[in-house]
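So the structure is just underneath, and the comments pick up after that.
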Amino acid sequence: MSPQGNRNLSVMPLLEFVLDGFAGGLQTQALLFALFLALYVVAVLGNLTMIVVITLDAHLHSPMYFFLKNLSFVDLCYLSVIYPKALANTVSSSKVITFEGCIIQFFFFSLMGATEAFLLAVMAYDRFVAICSPLRYPISMHPSVCARLVLVCYCGGCLNSILQASFTFSLPFCSSNHIDHFFCDVPPLLKIACADTTVNDLVMFGLCGLIIVGTTLVVLTSYGYITVTILRMRSGGGRRKLFSTCGSHMTAVSLFYGTLFVMYAQPGAVASMEQGKVVSVFYTLVIPMLNPLIYSLRNKDVKDALWRLGQRHTAT
């Protein structure tokens, strides 16, 4: 981004930003508040339910559901970093977020986003080992190995977040402190920087591209081998069960990686900030809401666990 348009603006240390959010009058803001609140409540309840069910039901104490529980936890954090503030801003005349608050929101948003990408790749690898090397599965995916894999996901997300935050918030920001978004993200922050942001654009494109392409390759390779293995099976029932289980994961993966690729991994892919906001709502709110539904409605084990917990609750 060229600093030419900002030469006449004074550079000053900012104490706060203003999150402009979505354009529109009172009716539009009220509609957005109702929509966001409904989706947020469904998403929180869905992910909390997945965490509770997997924790309480012994039948779900396996690597696959251990990773799924962590995915639900990441989605919960993802939601909670962005939407309480976004909801408050839709009904408030003051849309201010402090400079430190913006850094914290950006850091944890970036952390959870990258961690989810790594987790989805680990989940694909878990299914690959379970289906293609079932005899080695208890050793390859031992609980200690699973814990280390999840730790690596969080560490990778943390490294990405530190790099992104360091490059972004080291920029000088001009006297205009209005962020044309409903949360602190890289593209709108770069637009109000009064310095050349070419390096920042390259860092964002490089890191996001590396994460998205790298994890996508793991997913595609894993599911390529899984598909070949399933097609070789003689049992039609076993084939249908495996395709159903893997289909849930592939649906979640396609939704998440597709929107991230559109938003971050293609220079100029999103033509306007308004389009960017809509895409952001999809991967920060709609997908975390859909994940529990995808994994529960298409998964017999989860549905059985919900029934058992319901029976247990009724009995007490």
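Along the sequence shown, residues are numbered consecutively beginning with 1. This is a predicted model, so every value here is computed, not measured.
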Taking all heavy atoms of [X] and all of [Y], pick out the closest pair and write down the distance.
{"X": "Ile82", "Y": "Gln105", "result": "CA-NE2, 3.9 Å"}
{"X": "Glu16", "Y": "Asn177", "result": "O-ND2, 3.1 Å"}
{"X": "Ser92", "Y": "Lys95", "result": "O-NZ, 3.6 Å"}
{"X": "Thr49", "Y": "Leu45", "result": "OG1-O, 2.6 Å"}
{"X": "Pro134", "Y": "Pro138", "result": "O-CD, 3.6 Å"}
{"X": "Val129", "Y": "Ser140", "result": "CG1-CB, 3.8 Å"}

Residues which pass side-chain contact (heavy atoms from CB on, under 4.5 Å) with [X], listed by chain and number, not counting sequence neighbours:
{"X": "Val203", "value": "Phe167, Val199, Leu207"}
{"X": "Tyr225", "value": "Phe128, Cys132, Thr221"}
{"X": "Ser170", "value": "none"}
{"X": "Ser110", "value": "Asn160, Ser161, Gln164"}

Mind checking what makes side chain to side chain donor-acceptor pair (under 3.5 Å) contact with [X], not counting sequence neighbours?
{"X": "Thr215", "value": "Tyr257"}
{"X": "Asn70", "value": "none"}
{"X": "Asn89", "value": "none"}
{"X": "Thr284", "value": "Tyr83"}

Would you list the pairs meeting ring pair (Phe, Tyr, Trp, His ring centres under 6.0 Å) in which at least one residue belongs to residues 59-82, sequence neighbours left out? Tyr78-Phe109
Can you give me every donor-acceptor pair (side chain of residues 115-125, partner residue at least two apart or in another chain, under 3.5 Å) with its distance?
unit_1: Thr115; atom_1: OG1; unit_2: Leu111; atom_2: O; d: 2.7

Are [X] and [Y] joined in one hydrophobic group, where the rule is that I, L, V, M, F, W and Y side chains link up if heavy atoms are under 4.5 Å apart?
{"X": "Leu220", "Y": "Ile212", "value": "no"}
{"X": "Leu48", "Y": "Ile294", "value": "yes"}
{"X": "Met50", "Y": "Leu56", "value": "yes"}
{"X": "Val152", "Y": "Leu159", "value": "no"}
{"X": "Leu71", "Y": "Val286", "value": "yes"}

Per the disulfide (SG to SG under 2.5 Å) rule, what does the pair list look like for residues 60-120, sequence neighbours excluded?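 Pairs touching residues 60-120 that pass the test: Cys102-Cys184.
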Pairwise side-chain contact, [X] with [Y], heavy-atom cut-off 4.5 Å (strictly under):
{"X": "Arg127", "Y": "Ser222", "value": "no"}
{"X": "Ile54", "Y": "Val302", "value": "no"}
{"X": "Ile192", "Y": "Phe17", "value": "yes"}
{"X": "Cys158", "Y": "Ile162", "value": "yes"}
{"X": "Pro63", "Y": "Tyr137", "value": "yes"}
{"X": "Phe107", "Y": "Ile104", "value": "no"}
{"X": "Leu189", "Y": "Val186", "value": "no"}

Worked verdict on Tyr154 versus Val74 for side chain to side chain contact (heavy atoms under 4.5 Å, CB included): CA-CA 10 Å; Tyr154 283 105; Val74 167; 3.5 Å; yes
Can you tell me if CG on Leu151 sees more than 12 non-hydrogen neighbours from other groups inside 6.0 Å?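 Correct, the count exceeds 12.
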Show me, pair by pair, the donor-acceptor contacts under 3.5 angstrom made by side chains of residues 18-44, not counting sequence neighbours?
unit_1: Asp20; atom_1: OD1; unit_2: His178; atom_2: ND1; d: 2.8
unit_1: Gln29; atom_1: NE2; unit_2: Phe22; atom_2: O; d: 2.9

Distance check, rounded to the nearest 0.5 Å: [X] atom [atom1] versus [Y] atom [atom2]?
{"X": "Met141", "Y": "Leu149", "atom1": "CE", "atom2": "CG", "value": "5.5 Å"}
{"X": "Thr227", "Y": "Ile131", "atom1": "OG1", "atom2": "CD1", "value": "9.0 Å"}
{"X": "Arg148", "Y": "His142", "atom1": "CZ", "atom2": "NE2", "value": "9.0 Å"}
{"X": "Leu190", "Y": "Leu171", "atom1": "CG", "atom2": "CG", "value": "6.5 Å"}

Taking it one step at a time, do Phe108 and Ser80 satisfy side chain to side chain contact (heavy atoms under 4.5 Å, CB included)? CA-CA 10 Å; Phe108 283 102; Ser80 300; over 6 Å; no
Cationic N near anionic O, under 4.0 Å, Asp180 to Lys191: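 Result for this pair is no, no salt bridge flagged.
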Worked verdict on Leu306 versus Asp57 for side chain to side chain contact (heavy atoms under 4.5 Å, CB included): CA-CA 9 Å; Leu306 284 167; Asp57 195 290; over 6 Å; no
